[in-house]
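Following: one structure in C-alpha cells, then a few remarks.
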Amino acid sequence: MRHIVLFHSVYGLRPAVLRAAERLRAAGHEVVTPDLYGVPAVDTVADGFALFDRIGREVVLDRARTALRDAPADAVLAGFSMGAGVAGAMLAERPDTAGLLLLHGTGGAPEAVRPGLRVQLHLADPDEYEPQDEVDEWQRAMTAAGATVDVHRYPGAGHLFTDPDVPDHDPRAAERLWDRSRDFLAG
C-alpha cells in the first residue's frame with residue numbers, strides 16, 4: 001500500500017480526479033485529493049487558466065504544502081497536468097518521496113532528484129502542452145540526476161485523456177494508463 005497525494009489539473013477538483021482516487025483506493029492505496037483552488041471546478045481549459053491566474057501560483061503551492069503536512073515522508077506525489085507540475089514542485093521539499101506519478105504533464109527538476117527516485121510519466125502523443133523535444137530534455141536531465149524515468153506515450157489521445165468529461169477522453173488509453181500506474185505503485 002502506498003500513500004498518494006493526487007493533485008488536480010488546471011480545471012480544479014473535478015469528478016475525474018475523485019474517480020481516479022477511488023480507483024487507487026480500490027487497489028489498496030491511501031489517497032488524498034487536495035483542492036488547490038478552494039472554489040468549484042470549471043468546465044474549460046481557458047476558465048481553468050484564468051482561475052489559476054486569479055488564485056496565483058504561490059497560493060496553489062501553499063495549499064499543496066498544507067495537504068502534504070500530514071502525509072508520510074515517503075508518499076507518492078501524483079498529479080494531472082498542472083497537478084503534475086505541482087507534484088514536481090513539491091519534490092524539492094520532500095526528499096524521501098517514494099515516487100512521482102505524472103499524468104498528462106511533466107514535473108520535477110533535476111536538482112530535486114535523489115538517486116533512485118522512481119518517476120512514471122503518461123502523455124498524449126502528440127501533446128499540445130508537452131512538446132516532444134522538451135519531454136526528451138526533461139527525461140535526460142532527470143535520468144542524469146539519478147531518477148529512474150519511465151515515459152508512456154498514447155498515440156492519438158487528447159491531452160487530458162483520462163477525464164471522461166472532456167473532449168480529450170480516450171477510454172482505451174485511460175485503461176492502459178491505469179494498468180501501468182497500478183504496476184508502478186506496486187513496485
Donor-acceptor contact below 3.5 Å, side chain R94 vs main chain L77: no
From L102 atom CG to E130 atom CD, the distance as rounded to the nearest 0.5 Å: 9.5 Å
Side chains of L100 and V76 in contact at under 4.5 Å (non-hydrogen atoms): no
Within-4.5 Å side-chain heavy-atom neighbours: T106 and Y129: no
Pair listing, salt bridge (charged side-chain N to carboxylate O under 4.0 Å, His left out) test, anchored in residues 133-142, at least two apart: E137-R140
Would you mind writing out the side-chain donor-acceptor pairs for residues 57-64 within the sub-3.5 Å range, not counting sequence neighbours?
residue	atom	partner	partner atom	Å
D62	OD1	R65	NH1	2.8
R63	NH1	L36	O	3.1
R63	NH1	Y37	O	2.5

Student check: side-chain heavy atoms of S81 and L103 closer than 4.5 Å: no
Salt bridge (charged side-chain N to carboxylate O under 4.0 Å, His left out) contacts in which one or both residues fall within residues 143-163, not counting sequence neighbours: R14-D163
Shortest non-hydrogen separation from L6 to G79 and the atoms involved: CD1-N, 4.0 Å
Taking every non-hydrogen atom, the tightest pair across R2 and A98: NH1-CB, 3.6 Å
All pairs passing salt bridge (charged side-chain N to carboxylate O under 4.0 Å, His left out) where residues 20-29 contributes a residue, at least two apart: E22-R25, R23-E175
For P110 against A141, the heavy-atom pair lying closest together: CG-CB, 3.4 Å
Side-chain polar contacts of residues 165-174 - donor-acceptor pairs under 3.5 angstrom, sequence neighbours left out - could you list them?
residue	atom	partner	partner atom	Å
D165	OD2	R19	NH2	3.3
D168	OD2	H159	N	3.3
D168	OD2	L160	N	3.0
H169	ND1	F161	O	3.0
D170	OD1	R172	N	3.2
D170	OD1	A173	N	3.0

Main-chain N/O of A109 paired to W138 side chain as donor or acceptor, under 3.5 Å: no
Heavy-atom side-chain contact between M90 and L68 under 4.5 Å: yes
Min side-chain heavy-atom separation P34-V5 under 4.5 Å: yes
Y11 side chain reached by L51 side chain, heavy atoms, under 4.5 Å: no
Test item: F80 and V10 side chains (from C-beta on) under 4.5 Å apart, heavy atoms: no
Any donor-acceptor N or O pair under 3.5 Å, side chains H8, T33: no
Stepwise side-chain contact (heavy atoms from CB on, under 4.5 Å) test for V149 and V151: CA-CA 6 Å; V149 181; V151 177; 3.9 Å; yes
Can you give the donor-acceptor pairs under 3.5 Å from side chains of residues 112-124 to other protein atoms, not counting sequence neighbours?
residue	atom	partner	partner atom	Å
R114	NE	P95	O	3.1
R114	NH2	T97	O	2.5
R118	NH1	F184	O	3.2
R118	NH2	F184	O	2.6
Q120	OE1	H122	NE2	2.8
Q120	NE2	R180	O	3.4
H122	ND1	Y154	OH	2.7

Note, R69 side chain near T66 side chain (heavy atom, < 4.5 Å): yes
